[in-house]
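Just follow the structure's listing: the first ligand is 1, and inside any ligand the first atom is 1.
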Amino acid sequence: MKQMHLGAFMRPVSIHTAWWRHPDSAPEANFSLKHLVHCIQTLERGKFDSFFMADHLAVLNMPIEALKRSGTVTSFEPFTLLSALAMVTERIGLIATASTTYDAPYHIARRFASLDHISAGRAGWNIVTTSNPDAARNFGMTEHMDHAERYARAREFHDVVTGLWDSFAEDAFIRDKDSGVFWDPARMHKLDHEGKYLSIAGPLNIARPVQGWPVIVQAGASDSGRQLAAEVAEMIFAAGGPIADARAYYADIKSRAAKAGRDPGLIKILPGALVTVAETDEAAAKNARYWIALCIPIAAWARFPSRSAPTHAPSTWTRRSPTSTRPIKARAAATACWNARGAAS
Ligand SMILES: Cc1cc2nc3c(=O)[nH]c(=O)nc-3n(C[C@H](O)[C@H](O)[C@H](O)COP(=O)(O)O)c2cc1C
């Protein structure tokens with residue numbers, strides 16, 4: 001039986017720029033943890049599969065007269081927020097945006113691995129390359145990298161981050177009190193990546209994520225954005241639009257994935273829709289009042305049958321062929337994958 005799955009695009013309470021003007025809205029909600037706890041618990045109770053926290057690394061570069069009216073101008077840093085929200089939820093997926101242009105792969109691998117452990121296997125990474133040129137000057141650079149270069153770097157970056165997640169086998173930590181041996185060095189893999197953009201030794205100093213790899217999400221729309229999505233994403237956020245365009249986008253991604261040697265059926269494409277959510281419970285309504293979310297029907301967060309195999313293997317190391325199921329049931333399969341990769345390298 002086919003089921004529709006839903007994800008909420010929160011930033012942190014809405015993508016709609018004017019949500020805060022609704023007569024029943026809580027305009028301070030962006031930085032109200034209490035409000036966000038209410039939102040995510042409502043979503044979880046309503047069987048949503050994921051809560052997606054977008055992120056931008058600079059104030060949006062819009063004309064100031066428009067910007068001063070926008071309720072999306074500031075929002076929480078995603079990992080801090082999602083770590084807090086992980087503590088008050090049990091099942092809902094927690095997707096954070098992280099940039100391959102302005103962040104370091106070791107940082108990103110650590111943050112998602114930590115979130116995956118904290119949430120018991122519910123983390124997902126929305127890979128973005130950051131289009132706002134103002135971000136450059138917030139990170140000590142004078143120039144923004146051009147679009148093609150950003151995507152080429154993102155492709156290599158993805159391989160490095162996922163390679164770092166493979167650093168320790170699931171059963172590396174034996175913690176044998178009698179012998180005093182905490183972990184088995186034979187169950188550790190050192191990445192030693194040397195590529196065009198990145199030079200990263202590894203291993204990651206965090207135990208293997210619960211899911212093996214957190215879920216990979218992408219939202220590229222350009223030629224290079226679609227290619228990255230087709231090669232690495234398990235879940236793709238699509239902006240929607242006329243049905244003919246959406247169908248063409250879907251066909252294009254699936255065909256690119258097949259050409260890249262992946263099973264197109266494993267990539268879930270999630271068209272967006274803007275919905276208004278009204279509270280029906282009066283007590284809850286008093287606290288949280290009103291919020292709007294861009295809902296994205298998503299494929300089963302917890303029911304992906306298997307991971308798709310990455311296609312571009314850096315020459316310096318051998319990739320495993322991931323087959324983990326998710327989220328928490330991943331452990332045994334993740335160990336088998338690690339073993340297979342270890343045997344091959
Ligand atoms: C649903 C959705 C969510 C997105 N979230 C973010 C985000 O959090 N941060 C960001 O910098 N870009 C975000 N983007 C922008 C995309 O990553 C991408 O840059 C954009 O779709 C244009 O495609 P291109 O980069 O291939 O030109 C999002 C796009 C969509 C459709």
message: For atom 21 (O) of ligand 1, which of the options A219, A54, A221 provides the nearest non-hydrogen atom?
response: A219
- request: Heavy-atom contacts with G225 under 4.0 Å: which atoms of ligand 1 show up? List them by number with element.
  value: 26 (O)
task: Measure from NZ or CZ of R111 to the centre of the six-membered ring of F79, then state whether that distance is under 6.0 Å and the direction lies within 45° of the axis.
output: yes
message: If you define the side chain from C-beta out and look only at heavy atoms, does anything of I236 sit under 4.5 Å from I253?
response: yes
task: Could you tell me if the ring centre of F76 sits under 6.0 Å from that of F31?
output: yes
message: At less than 4.0 angstrom from any non-hydrogen atom of G220, what atoms of ligand 1 do you find?
response: 23 (O), 26 (O)
field: Side-chain touch K268/E234, heavy atoms, less than 4.5 angstrom
entry: no
- prompt: Do the two ring centres, one from F237 and one from F52, sit under 6.0 Å apart?
  reply: yes
field: Nearest neighbour of atom 12 (N) of ligand 1 from the list V217, I15, T97, V128, on a heavy-atom basis
entry: V128
query: Is T130 in polar range of ligand 1, meaning some N or O pair under 3.5 Å apart?
result: no
message: Would H147 count as a contact residue for ligand 1, given that I'm defining contact as a non-hydrogen atom of the residue lying under 4.0 Å from a ligand atom?
response: yes
message: Between F173 and F168, does the ring-ring contact (aromatic ring centres under 6.0 Å, His included) criterion hold? Intermediate values first, please.
response: CA-CA 9 Å; F173 297 91; F168 288 95; 5.1 Å; yes
query: Among S222, A238, P78, whose heavy atom sits nearest atom 26 (O) of ligand 1?
result: S222
query: Between H56 and ligand 1, which part of the residue brings a heavy atom under 4.0 Å of the ligand: side chain, backbone, both or neither?
result: side chain
- prompt: Is the shortest heavy-atom distance from the side chain of Y102 to the side chain of H144 under 4.5 Å?
  reply: yes
Option of least heavy-atom distance to atom 7 (C) of ligand 1 (set: D55, N132, I127): D55
- prompt: If you count the atoms of ligand 1 from 1 in the order shown, which ones are under 4.0 Å from a heavy atom of F9?
  reply: 1 (C), 2 (C), 3 (C)
message: Can you confirm whether F157 sits close enough to T101 that some side-chain heavy atom of one is under 4.5 Å from a side-chain heavy atom of the other?
response: no
query: Side chain, backbone, both or neither: which part of L57 has a heavy atom under 4.0 Å from ligand 1?
result: neither
